[in-house]
Amino acid sequence: MKRASIVVSAVMMSVGFATTALAAPITVNGYVCAATYTRQPNVTYGQGYVVVQVNTGANCTGSFVGNYYYLGSGASSAGYQYSEAERLGLFERATQAATQGTPVGLYVEGAGVGILNTTYRGN
């Protein structure tokens with residue numbers, strides 16, 4: 001009977017951990033409407049981060065798709081954590097995309113927070 005309770009406990013623990021698993025990454029397509037860089041620490045987004053707002057149309061037209069983040073070090077959110085130099089470079093590229101109306105494809109963590117990969121496309 002003791003062995004059965006140990007097995008049941010182990011199964012219950014594995015089920016509990018399975019529910020906390022990360023969602024599969026997704027691809028988001030659209031246009032950068034705005035990009036914001038901050039050095040302020042944030043538990044979720046890390047020590048300094050970049051927020052990229054994506055819309056379905058260029059120049060902030062169309063529908064709002066979402067806000068996605070280039071995470072800083074120490075972020076509790078799932079996704080790659082970029083160095084400060086990387087974040088500054090990515091912020092510059094996102095700002096260019098916003099002002100030029102360049103289409104963007106973001107590969108983000110399934111929860112929709114951390115950006116894993118960015119692709120800019122010519123019109």
_For Q81, give me all partners under side chain to side chain donor-acceptor pair (under 3.5 Å), at least two apart in sequence or on another chain._
none
*Looking only at heavy atoms, which two atoms of L71 and T44 are closest? And how far apart?*
CD2-O, 4.4 Å
_Residue pairs, two or more places apart or on separate chains, that pass salt bridge (charged side-chain N to carboxylate O under 4.0 Å, His left out) and touch residues 47-69_ = none
*side chain to side chain donor-acceptor pair (under 3.5 Å) involving N55 - partner list, sequence neighbours excluded*: Q53
*Residues two or more places apart in sequence or in another chain: which of them pass side-chain contact (heavy atoms from CB on, under 4.5 Å) with T38?*
Q40, Y49
*Can you pull the salt bridge (charged side-chain N to carboxylate O under 4.0 Å, His left out) pairs that have at least one residue in residues 54-74, sequence neighbours excluded?*
none
*List the atom of A34, the atom of A98, and the distance in Å for their closest heavy-atom pair.*
N-CB, 4.5 Å
_Contact summary for A58 and G101, nearest pair of heavy atoms_ = CB-CA, 4.0 Å
_For the CD atom of E109 and the CG atom of L116, what is their distance to the nearest 0.5 Å?_
6.0 Å
*asked:* Suppose we screen for salt bridge (Lys or Arg N to Asp or Glu O under 4.0 Å). Which residues come up paired with E84, at least two apart in sequence or across chains?
replied: R39
*Can you find a pair of side-chain heavy atoms, one from V54 and one from L106, that are under 4.5 Å apart?*
yes
*Would you mind reporting whether L90 and V50 have side-chain heavy atoms less than 4.5 Å apart?*
no
*Under the side-chain contact (heavy atoms from CB on, under 4.5 Å) rule, collect the residues that match up with A35, sequence neighbours excluded.*
F91, A94, T95
*Can you name the side chain to side chain donor-acceptor pair (under 3.5 Å) partners of S77, sequence neighbours left out?*
none
_Working to the nearest 0.5 angstrom, can you tell me the gap between Y107 OH and T119 OG1?_
11.5 Å
*Is it true that a side-chain atom of R87 and a backbone atom of Y82 form a donor plus acceptor pair closer than 3.5 Å?*
yes
*Qualifying residues under side-chain contact (heavy atoms from CB on, under 4.5 Å), relative to A97, sequence neighbours excluded*: V32, T102, Y120
*Between V108 and I26, is a side chain to side chain contact (heavy atoms under 4.5 Å, CB included) present by the stated rule, with each step listed?*
CA-CA 6 Å; V108 299; I26 60 171; 3.5 Å; yes
*What residue pairs, at least two apart or across chains, pass salt bridge (charged side-chain N to carboxylate O under 4.0 Å, His left out) with a residue in residues 49-77?*
none
_Pairs touching residues 52-103 that satisfy disulfide bond (SG atoms under 2.5 Å apart), sequence neighbours left out_ = C33-C60
_Closest contact, heavy atoms only, V51 versus Y69_ = CG2-CE2, 3.2 Å
*What residues, two or more places apart in sequence or in another chain, satisfy side-chain contact (heavy atoms from CB on, under 4.5 Å) together with S83?*
A85, E86
_Under the criterion side chain to side chain contact (heavy atoms under 4.5 Å, CB included), I'd like the reasoning laid out for L88 against Y37: C-alpha separation, chi angles, the key distance, then a yes or no._
CA-CA 8 Å; L88 287 170; Y37 174 78; 3.8 Å; yes
_Quick one, V28 and V65 - any side-chain contact, counting heavy atoms below 4.5 Å?_
yes
*Any side-chain heavy-atom pair of V52 and Y70 under 4.5 Å*: yes
